[in-house]
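Order of appearance sets the numbers: ligands from 1, and atoms from 1 within every ligand.
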Amino acid sequence: MSEKTPLPTTGYFGPYGGRFVPETLMSALAQLQREYRAAMADESFCAEFDRCLREIAGRPSEMYLARRLTERSGGAKIYMKREDMNHTGAHKINNTLGQALLTLRMGKRRVIAETGAGQHGVATATAAAVFGLECEVYMGTEDIRRQALNVFRMELLGAHVAPVTTGQRTLKDACNEAMRDWMGSVEHTHYILGSVVGPAPFPEMVRQFQCCIGLESREQMLQLEGRLPDVIVACVGGGSNAAGIFSPMIDDESVEMVGVEAGGRSMGLGDHAASLVAGTPGVLHGAKSYVLQDSDGQTAPVHSVSAGLDYPGVGPEHAYWKDSGRVRYTTCSDDEALDAVCLLSRTEGIIPALESAHAVAEAIRIAAEMKPEQIILINLSGRGDKDCNEIADILKRRKEQA
Ligand SMILES: *Cc1c(COP(=O)(O)O)cnc(C)c1O
């Protein structure tokens, strides 16, 4: 499953990526890059990672034909890659297992992570528990308030949740605090970054640990349909689930790829989190990519109904794919995502994560305009149990307004 895809060697994807960090982190990142490259070339490491993906994450995940949704859309056949059925409920576990194994390989005993909704925090705490690592998760106090259940889960798993009270008290601020911790602890601590963002080698490494999604999809599609899908749709926050499903088929020119960002309440700055669609090139968290910023280069506040997409930056490889035209990026609003949650729940018996619902909404739009013999594949990145309180609140407000 961790079969090789070509690796860039420079840490750059065109003009994007790189390593914009203080001197103290340069040598740690260089060491991480060496260890990671050596690990990927080491058959026993790859075999151990594959075993973890099977036995802990529960892979391979199912390739599911959404029959009733297909019928309702009246166009292309709709398939879903069921990352929602992984242990801990999303694709995040693939990456945290890989990085936890790398932590052991480097002889480190402590891991730290940032988290927004708590999904990456839970996946990190889970991997830390499996391997007996000390674990500290940075989380904004605003997110701690909104995601009480995930805070409890992390603590139950033996992690310590460190409250972050700076800035908007959400994901970006948690990321800053985790970086700060790492600068003082890098000797014995590994920072498990949760998406294809940050300084090199994180974007490349996280994509590599997530590309089991696309490798499996490729094989499953060939087995089920004898060909690759015409379109693949994935939601984009930092971009890890999208990079994971896109990258193994990026050279298959017949496969069209669509990334869906959070369109939020409106396309005014501060009302959405669509870094690729509405942002400009800049540096955030150690890498150059598209960033939502004001005319002074200050990172802008962001909004999305889904905490996992609520981030003002995006992985540098997506910036590269956007500029080259290989992937088309678009947005889906809060309301459309919410409608997609309700629709998928009723037609297929699947309650998707609000993040994944962004991909579902766009896919339904596209499918309706395609022919019945065509195939569209949605990366269903996670399940929606975590969002049920939020969804209930919004549906209640909608009813009151009606
Ligand atoms: C975290 C999360 C995302 C967004 O992160 P990416 O790195 O863009 O994949 C999307 N879906 C789910 C279910 C998540 O938990």
Give me the nearest non-hydrogen protein atom to [atom] as residue plus atom name, then the distance to 0.1 Å.
{"atom": "atom 12 (C) of ligand 1", "result": "S381 OG, 3.5 Å"}
{"atom": "atom 10 (C) of ligand 1", "result": "E355 CB, 3.5 Å"}
{"atom": "atom 3 (C) of ligand 1", "result": "K92 NZ, 3.7 Å"}
{"atom": "atom 4 (C) of ligand 1", "result": "G308 O, 3.4 Å"}

N or O contact, [X] vs ligand 1, cut-off under 3.5 Å:
{"X": "G238", "result": "yes"}
{"X": "N241", "result": "yes"}
{"X": "S240", "result": "yes"}
{"X": "A242", "result": "no"}

### Task
Provide the full list of ring-ring contact (aromatic ring centres under 6.0 Å, His included) pairs with a residue in residues 80-122, sequence neighbours left out, each pair given once.
none
### Query
Can a non-hydrogen atom of G239 be found less than 4.0 Å from any atom of ligand 1?
yes
### Message
Would H91 count as a contact residue for ligand 1, given that I'm defining contact as a non-hydrogen atom of the residue lying under 4.0 Å from a ligand atom?
### Response
yes
For residues [X] and [Y], is any side-chain donor paired with an opposing acceptor at under 3.5 Å?
{"X": "T124", "Y": "T96", "answer": "no"}
{"X": "E114", "Y": "Y191", "answer": "yes"}
{"X": "D252", "Y": "S254", "answer": "no"}

### Partners passing ring pair (Phe, Tyr, Trp, His ring centres under 6.0 Å) against H285 (at least two apart in sequence or in another chain)
Y311
Pull out every atom of ligand 1 sitting under 4.0 Å from any heavy atom of [X], numbered as shown with elements.
{"X": "Q119", "answer": "15 (O)"}
{"X": "A353", "answer": "13 (C)"}
{"X": "G382", "answer": "13 (C)"}
{"X": "G237", "answer": "8 (O)"}

### Query
When you measure from the side chain of S73 to the backbone N and O of G75, does any donor-acceptor pair fall under 3.5 Å?
no
### Query
For the ring-ring contact (aromatic ring centres under 6.0 Å, His included) test, which of Y16, Y329, Y290 pairs with H318?
Y329
### Message
Can you confirm whether R67 is buried at CZ, in the sense that more than 12 heavy atoms of other residues, nucleotides or ligands lie under 6.0 Å from that atom?
### Response
no
#### Entry: With E83, the salt bridge (Lys or Arg N to Asp or Glu O under 4.0 Å) member among K92, R383, R59
R59
